[in-house]
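Here is the structure we will look at, set down as structure tokens.
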There are 2 protein chains.
Amino acid sequence: MPVDDPLKLDLQLCFPLYAAARAMTQAYAPLLSKLGLTYPQYLVMLVLWETDGVTVKELGERLYLDSGTLTPLLKRMETQGLVRRERSTEDARSVHVHLTSQGRALRRKAVSVPEAMACKMGLSLEELSRLRREVRRLFETLSKSQPEPTK
Amino acid sequence: MPVDDPLKLDLQLCFPLYAAARAMTQAYAPLLSKLGLTYPQYLVMLVLWETDGVTVKELGERLYLDSGTLTPLLKRMETQGLVRRERSTEDARSVHVHLTSQGRALRRKAVSVPEAMACKMGLSLEELSRLRREVRRLFETLSKSQPEPTK
DNA sequence: GTCGAATTGATTGCGAGCAATTTAATTGTG
DNA sequence: CACAATTAAATTGCTCGCAATCAATTCGAC
């Protein structure tokens, strides 16, 4: 098998990306479990702490997740007492997600999470921001390569 | 809410990483579905094309996946006729995974995948290799921050 | 105003991921 | 040899993630 085997080189970027993303959620786990959250649930809370009362659709647009993922996830969070789901009165198709007082209160326990993670990643601020920019660019390119059906 | 809110900054590296990894597997999907593979299954095939007959444990070490993920995945691949699972004769605890002739043949259809993906990612070779190095470093740091129980 | 198209969530079904436990086999220690 | 500790897979149970489909609602052209 040649050294420059394309099926070997292929393990180069995509696989590390895949492995790093999983390692990242695993690194979050011990921090978030103290808050009773998983990583995707934490992402939902980040959006809600910033903008309470968004619809499921808006949540999906911000997190790039669809209702098939969000609906059951939000139901679990509702059972936990972190959020309330309310169907809109103006447009009965949409559902708004509101923080409960418990959900708002959880924010105070979450403020230490980002620093703890930054520490675990062991990158300088410049490295972190450069890597972020590059990964985001890759994400955008990949997103566009998945052409949504032009209506 | 202050502009430098840590819970806002937090969306900066981890979330793009998480989103990019998902976008990446979605970009693979149309290419791999022609081969009847999912992305994790493709990873298993990459290892087997390189080293046929590895054990489940070795597969797990290379892909950072445990038997809880691999066992059902390999069973599906066995049902598809791509691999054969055989319990070792020397050590009946371990299971070796072998390619079938069909699994070996699939390699020819897979050789075009890496280039197609490289195209979708739209990065130069230098960008690609730099990003790979950085993501891999991040992965290694994160892995170490998850101390395996020292026995 | 009415009817067809579009939009929003919910549902279903399946394939990962992973923690925790279980089972079976092997190793090491006395 | 005996038996405790270790190891490798498998199993269980839960949470994503997403494609495909469905139901309810709203929009828009007429």
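Throughout, a chain's letter reflects where its sequence line sits, starting with A, and its residues are numbered from 1.
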Problem - Presence of A/T38 side-chain N/O under 4.0 Å of D/dC16 phosphate oxygens OP1/OP2 - result: yes
Exercise for the section: Tell me whether the OP1 or OP2 atom of C/dG17 has a side-chain N or O from B/Y64 closer than 4.0 Å. Expected result: no
Handout entry: A/T51 versus A/R62, side-chain donor and acceptor atoms under 3.5 Å
Key = yes
Fill in the blank from the handout: note: B/L43, atom CG; C/dG17, atom C1'; distance rounded to Å ~ 13 Å
Exercise for the section: For D/dC16, take OP1 and OP2 only and decide whether either is under 4.0 Å from a side-chain N or O of A/Q41. Expected result: yes
Handout entry: Candidates C/dG15, D/dT15, D/dC18 - which lies nearest the side chain of B/R76
Key = C/dG15
Exercise for the section: Establish, yes or no, whether the cationic atom of A/R137 lies under 6.0 Å from the six-membered ring centre of A/F139 and within 45° of the ring axis. Expected result: no
Exercise for the section: Please report, rounded to the nearest Å, how far the P atom of D/dC18 is from the CE atom of B/M24. Expected result: 12 Å
Problem - Exercise: do B/S124 and B/E127 side chains pair donor with acceptor under 3.5 Å - result: yes
Practice task
Please identify each residue that fulfils side chain to side chain donor-acceptor pair (under 3.5 Å) with B/R84, with sequence neighbours left out.
Solution key: B/E86
Fill in the blank from the handout: Here the distance between atom P of C/dG15 and atom CD of B/Q26, to the nearest Å, is 17 Å
Between protein and nucleic acid, restricted to nucleotides 1-4 of chain C and to nitrogen or oxygen atoms under 3.5 Å apart, what atom pairs and distances do you find?
none

Exercise for the section: Give a yes or no answer on whether the side chain of A/T100 reaches the backbone of A/G81 with a donor-acceptor pair at less than 3.5 Å. Expected result: yes
Practice task
Under 4.0 Å from any atom of DNA chain D, heavy atoms only: list the residues of residues 85-94 of chain A that qualify, in numerical order.
Solution key: A/E90, A/D91, A/A92, A/R93
Exercise for the section: Working to the nearest 0.5 Å, report the span between CG of A/L142 and CE of B/M24. Expected result: 8.5 Å
Handout entry: Taking every non-hydrogen atom, the tightest pair across B/H96 and B/G53
Key = ND1-O, 2.8 Å
Exercise for the section: Answer yes or no: is there an ion pair linking B/E126 with B/R130, defined by an N-O contact shorter than 4.0 Å? Expected result: no
Exercise for the section: Mark yes or no for a side-chain to base donor-acceptor pair under 3.5 Å between B/S67 and D/dA8, with no hydrogen or angle criteria applied. Expected result: no
Completion exercise
Atom CG of B/L32 and atom P of C/dG15 are separated, to the nearest Å, by 15 Å
Fill in the blank from the handout: Assign each of A/R22 and A/L74 the nucleotide of DNA chain C bearing its closest heavy atom; nearer the 5' end lies the nucleotide of A/L74
Completion exercise
note: A/L65, atom CG; D/dC18, atom P; distance rounded to Å ~ 6 Å
Exercise for the section: Quick one: sort the B/Y42 and B/Y28 rings into parallel, tilted or perpendicular, breaks at 30° and 60°. Expected result: tilted
Problem - Euclidean distance, atom CG of residue A/L73 to atom P of C/dA10 [Å, nearest integer] - result: 12 Å
Practice task
State which of C/dA10, C/dG15, D/dA9 makes the closest approach to the side chain of A/K75.
Solution key: C/dA10
Exercise for the section: Establish, with yes or no, whether the OP1 or OP2 oxygen of C/dG9 is under 4.0 angstrom from a side-chain nitrogen or oxygen of A/T55. Expected result: yes
Exercise for the section: For the side chain of A/T71, starting at C-beta, report the closest nucleotide among C/dT11, D/dG17, C/dA16. Expected result: C/dT11
Handout entry: Distance-only polar pair, side chains of B/T38 and B/R76, donor-acceptor under 3.5 Å
Key = no
Handout entry: Whole angstrom value for the distance that separates P of C/dA10 from NE2 of A/H96
Key = 12 Å
Practice task
Give the rounded distance in Å between these two atoms: CG of A/D66 and P of C/dT11.
Solution key: 14 Å
Practice task
Answer with base, sugar-phosphate or nothing: what part of the nucleic acid does B/L70 contact at a heavy-atom distance below 4.0 Å?
Solution key: nothing
